[in-house]
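Residue indices begin at 1 and follow the sequence shown.
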Amino acid sequence: MKLRKKGLFTMLAVLLIVAFSLPGNTHLVKAKKNEGSSKVQPGIEVLLESHLDWIKDKRVGLVTNPTGVDSNLVSTVDLLFEHPDVNLTALFGPEHGIRGDQPAGAYVESYTDERTGLPVYSLYGSTWKPSKEMLENVDVLLFDIQDVGSNVYTYIYTLGFVMEAAAEFDKEVIVLDRPNPTGGVRVEGPVRNAEAVSFMGRFLLPVRHGMTVGELATMWNHEYSLGVNLKVAKMKGWKRTMHFKEAGLPFVLTSPNIPTTETAFLYTGTELVDDTSLSTGLGTTKPFELLGAPWINGQELADDLNGRGIDGVSFRSAYFTPMFGKYQGQRVGGVQVHIDDEEQVNLVELGLQLVDAMKDQNPKKFEISSSYDSLIGDKRVRPMILEDRPVKEIMGLWKNELDDWVKNTRNHFLLYGPYPEKAQPYKPETVLGILPHNLELAPGQTKDLTVIGFDKNGNKLDVNPSLIKWEVKGEVGSIKGNTFTAQKAGTGLVTAKYKDTQANRNVVVAQNIINNIRHSVNPDYARVVFDLNKDTEYQISEEENQLILTVPYAEIGPPLSSNEAKTVTIANSPVISKVTFEIIDGHMFEARFHLKVNKVSYMDPYFSNRIVIDLLNK
């Protein structure tokens with residue numbers, strides 16, 4: 001199943017059980033290929049052997065899933081819970097749950113683990129960010145999850161949300177590092193554009209980032225001024241030139257449709273076939289290795305692809321019948337991708353060549369949805385695919401931007417060698433953060449800002465507000481004391497300079513516009529979605545038979561403005577009949593949910609540029 005946000009909450013799962021660049025590009029490290037089988041120690045082993053002092057006398061929360069194991073396949077949950085010097089107090093699960101038994105996008109709930117008696121909090125249900133209540137009994141959060149190296153794999157964004165919560169509620173974060181299955185050398189694809197941001201694109205990365213989760217956390221802490229007290233339990237023995245099998249570690253399927261190291265490697269490229277009328281092989285025993293469509297001639301496709309000179313892979317004609325998902329029960333023609341040499345494969349080129357070749361077989365049956373923009377992270381790509389532009393031309397779109405990101409951002413935060421030319425190992429340094437992390441306001445709104453920080457040794461800075469030098473770029477507002485006042489629509493940058501360090505926060509000033517109200521009724525819940533022009537603050541209050549949503553500094557835009565009745569009827573829901581809306585007091589948007597019951601349980605998960613409210617049918 002899909003591993004991204006698309007399709008999120010298509011079902012309501014109520015059980016969560018614990019046990020659980022171009023070839024020759026400048027980004028390639030010129031180093032001798034690792035010979036023989038090496039033994040890499042993952043971060044959990046390094047923590048317990050060398051850094052127990054990091055968690056001594058602290059209440060520990062663990063974010064993990066089945067991939068959190070040591071070299072002997074012993075669960076990190078068990079290692080910490082049974083350790084006499086570790087006080088494990090809470091567990092947190094990402095998409096698919098801590099056991100990994102939940103389908104992609106499934107809405108999972110929190111519960112109490114029967115074996116340990118610990119609370120298990122879902123970070124892929126009613127909230128994606130740990131709440132203050134979830135962290136009441138936690139001093140330090142450990143993150144131990146195997147990533148696959150793609151910018152559309154949700155686990156790394158769960159890490160981002162965990163870091164934001166840690167900064168907000170004064171908690172520490174320790175990343176227990178693990179290998180990147182696509183290696184740590186190649187960096188490919190466009191750097192995600194801010195216009196293509198979703199849950200999976202909260203931080204702007206290229207399709208193949210070539211970093212470990214520990215390196216990502218280090219980079220985000222500085223680049224996004226998160227202000228987190230962060231440590232990384234670095235692996236021992238891992239080199240950037242290694243692929244997963246060379247590390248000598250056991251592979252645990254990272255999610256239901258990433259069952260093998262081959263799938264974990266190919267996913268970053270072959271996932272680019274998604275959001276089209278083509279199949280990525282979901283519903284077969286070889287997801288992301290088998291690709292095709294019912295109208296594809298497998299042998300012709302294999303001949304075409306093998307004739308394109310795509311480095312490091314070869315193609316075999318294949319026919320398959322998915323057991324679920326797209327084209328369920330239909331005979332699909334296509335190919336199986338076989339890996340010949342991982343070191344040579346440009347995964348982004350592979351994905352785009354697959355799309356191009358299959359589209360060429362029958363352009364009239366080929367379709368590509370607008371969500372492809374979020375998948376690849378660049379709105380320029382989809383039109384070029386439809387115009388049948390050469391893959392090499394498409395890949396040339398982002399070369400300069402990717403080079404700049406690699407040299408001036410990524411390479412400053414690498415923790416493992418061999419290092420690219422002119423790059424040096426990251427050395428801990430002071431980090432500052434500005435709270436809140438999201439600064440999107442309407443003209444006239446104000447927001448109090450707070451500066452937090454830690455020195456290179458992890459000691460909290462005693463920030464004297466009178467010594468902070470504030471600066472606003474972009475003429476969007478002003479700061480008096482520590483209060484930012486939004487004045488003029490536009491985008492800008494708020495900078496806080498404190499002694500020898502500074503933090504930056506992007507700011508967006510725009511009138512809140514409610515563009516549309518959409519809804520869907522599912523077996524377990526009814527979802528109401530308010531489409532906005534940007535993220536904004538809102539409030540939900542309750543009255544008998546009603547929920548009331550209010551959005552300040554707002555106006556109603558098209559197409560919603562053409563709804564003269566100011567009513568959205570919701571049929572077939574046992575809990576809600578309609579939503580009415582209006583502007584009150586000249587600037588406040590108010591939507592009233594008319595309930596069929598006296599009171600309803602609801603959740604409001606975060607989505608970029610939307611307000612989403614799920615009304616539960618229980």
Less than 4.0 Å between a side-chain N and a carboxylate O, is that true for Glu262 and Lys245?
yes
For Arg316, check salt bridge (charged side-chain N to carboxylate O under 4.0 Å, His left out) against everything at least two apart and list the hits.
none
Report yes if the distance between the aromatic ring centroids of Tyr267 and Tyr153 is under 6.0 Å, otherwise no.
yes
Mind checking whether Tyr416 and Trp238 have parallel, tilted or perpendicular rings, split at 30° and 60°?
perpendicular
Go through the structure and list residues passing salt bridge (charged side-chain N to carboxylate O under 4.0 Å, His left out) with Asp144, not counting sequence neighbours.
Arg178
Can you say whether the rings of His243 and Phe265 are parallel (under 30°), tilted (30 to 60°) or perpendicular (over 60°)?
perpendicular
Asp388: partners by salt bridge (charged side-chain N to carboxylate O under 4.0 Å, His left out), with sequence neighbours left out
Lys359
Under a 3.5 Å threshold, yes or no: a donor from one side chain and an acceptor from the other, between Asn180 and Thr212?
no
For Thr218, check side-chain hydrogen bond (donor to acceptor under 3.5 Å, both in side chains) against everything at least two apart and list the hits.
none
Can you tell me how the ring of Tyr157 sits relative to the ring of Phe203, calling it parallel under 30°, perpendicular over 60° and tilted otherwise?
parallel
Of all residues at least two apart in sequence or in a different chain, which pass the side-chain hydrogen bond (donor to acceptor under 3.5 Å, both in side chains) check with Glu401?
none
Mind checking side-chain hydrogen bond (donor to acceptor under 3.5 Å, both in side chains) for Asp304 and listing every partner two or more places apart, or none if nothing turns up?
Arg308
